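What follows is a single structure, written as structure tokens, with notes after it.
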Amino acid sequence: MKNSFEAAKKQYSDFGVDVEKAMARVASIPVSLHCWQGDDVAGFENDMSLDGGIAVTGNYPGRARNGEELRRDLELVFSLIPGVKKLNLHASYAEDTNGKVDRDEIEVKHFQRWIDWAKKNNAGLDFNPTFFSHPMAKDGLTLSHPSKKIRDFWVRHAIACRRIGAEFGRKLGKTCVENLWIPDGYKDTPADRLAPRRRLEEALDRVFEEKFSAKNLVDAVECKLFGIGSESYVVGSHEFYMGYAVSRKMALCLDAGHFHPTEVISDKLTSALLFVPNVLLHVSRGIRWDSDHVVTLSDELRAIGEEIIRHNFEKKIFIGLDYFDASINRIAAWAIGARNMQKSLLLAAVEPYELVKKAEASGDFTSRLALLEEFKTLPFGAVWDEYCERQGVPVGAEWLKQVKDYEKDVLSKR
């Protein structure tokens, strides 16, 4: 393998690429894993079925049933993927509430086990309020509901979550990115599109009134084009949240499954970052709709990596994964997606971008296209294998054996 890497390194250097610097750069970029892949978005509150347009298909054995099982599974996943680790939690994964603490009353103490675990694994924690699968998510509406009582409940929940997120950042010394997404919308076309958006704007202003250190907490808001049960109208549209994020100088979350099938979020990054300070990515793979399939090394994933690396956006863009598949081994799903996200970043980091940029600037579009195509067959596999070996994680498909052994010894017994 070393001989292959040295040969690849030489080939890249002929195009002016420093492979060592590229690997070091990518190794410093955090990727936040999503806790909900391991338990099918069930959470630890109760046995309510999912709502808010969220659906998980499949019944592969071994779903995590509690925090201890989920954390054990995540530790295996962490050992299989290179790079800096973070974990993205939903508020519904609170523990030690004894079934008596509602979502508007949760505190950081209900996530102490997660904080202790993150410290042990040298990981950061990101956070999300949970606006679905709850009796107060009535009529498909939360922060935009006509009832002030319902809106107030969800405002209190979101405020509590921001305080928890800020404590995550303070206690772990790693910035917590907190993302607010609501399922609000209508199945059929409403007569009044404006009133719900006015209510949402007012509620959000209340949620974000309290200020926290940016070292501890970064707030993001997430749009959506449509969802199950909100096919005709979504209150928090792209235009709404783009305007809100720009006017409030906060982060905008772009989810790969939340736009029209002909749209790609890679094309939105350079536009959005002209006007907002940060972008949060929810990297997913939608098939015909926001179906949250496991992330593959697709053209779009490669384009996302290219936009981040080419424009030095790694300090402005936060990367999170967001998919859930219960039809295959859940740990394998985590590992496949996370390793592919890292591959897209490393592929971009070893791209001879300066040559292409120079050709484009001179108007030589022939060379631009020719070079981009030639670069696709450079020996990236040898660089990826070396990167994984240096990061102390399995090389090639070796990780799959560990997952299969874990399935046999642990998951099959749940």
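What you are looking at is a predicted structure, and each value in this text was computed from that prediction instead of being measured.
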Salt bridge (charged side-chain N to carboxylate O under 4.0 Å, His left out) pairs, two or more places apart, involving [range]:
| range | value |
| --- | --- |
| residues 249-274 | Glu263-Lys268 |
| residues 165-177 | Glu167-Arg170 |
| residues 346-356 | Arg310-Glu351 |
| residues 17-27 | Lys9-Glu20, Glu20-Arg390, Arg25-Glu314 |

Where does the angle between the aromatic ring planes of Tyr387 and Trp384 fall among parallel (under 30°), tilted (30 to 60°) and perpendicular (over 60°)?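 Answer is tilted, since the angle falls between 30° and 60°.
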Return the set of residues passing side-chain contact (heavy atoms from CB on, under 4.5 Å) with [X] (not counting sequence neighbours), or none when no residue passes.
| X | value |
| --- | --- |
| Ser32 | Lys86, Asn88, Asp126 |
| Asp152 | Lys148, Arg156, Arg206 |
| His311 | Thr270, Glu307, Phe313, Tyr353 |

Looking at every non-hydrogen atom in both residues, tell me the closest pair between Glu201 and Phe240 and how far apart they are.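 Looking at all heavy atoms of both residues, the closest pair is N-CZ, 3.9 Å.
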Can you list the residues that meet the side chain to side chain donor-acceptor pair (under 3.5 Å) rule with [X], with sequence neighbours excluded?
| X | result |
| --- | --- |
| Lys119 | none |
| Ser327 | Asp325 |
| Glu6 | none |
| Asn329 | Glu407 |

Residues forming a ring pair (Phe, Tyr, Trp, His ring centres under 6.0 Å) with Phe375, sequence neighbours excluded: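 Phe375: ring pair (Phe, Tyr, Trp, His ring centres under 6.0 Å) contacts with Phe15.
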Non-hydrogen side-chain atoms of Asp39 and Asp73 separated by less than 4.5 Å: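 No, side chains not in contact.
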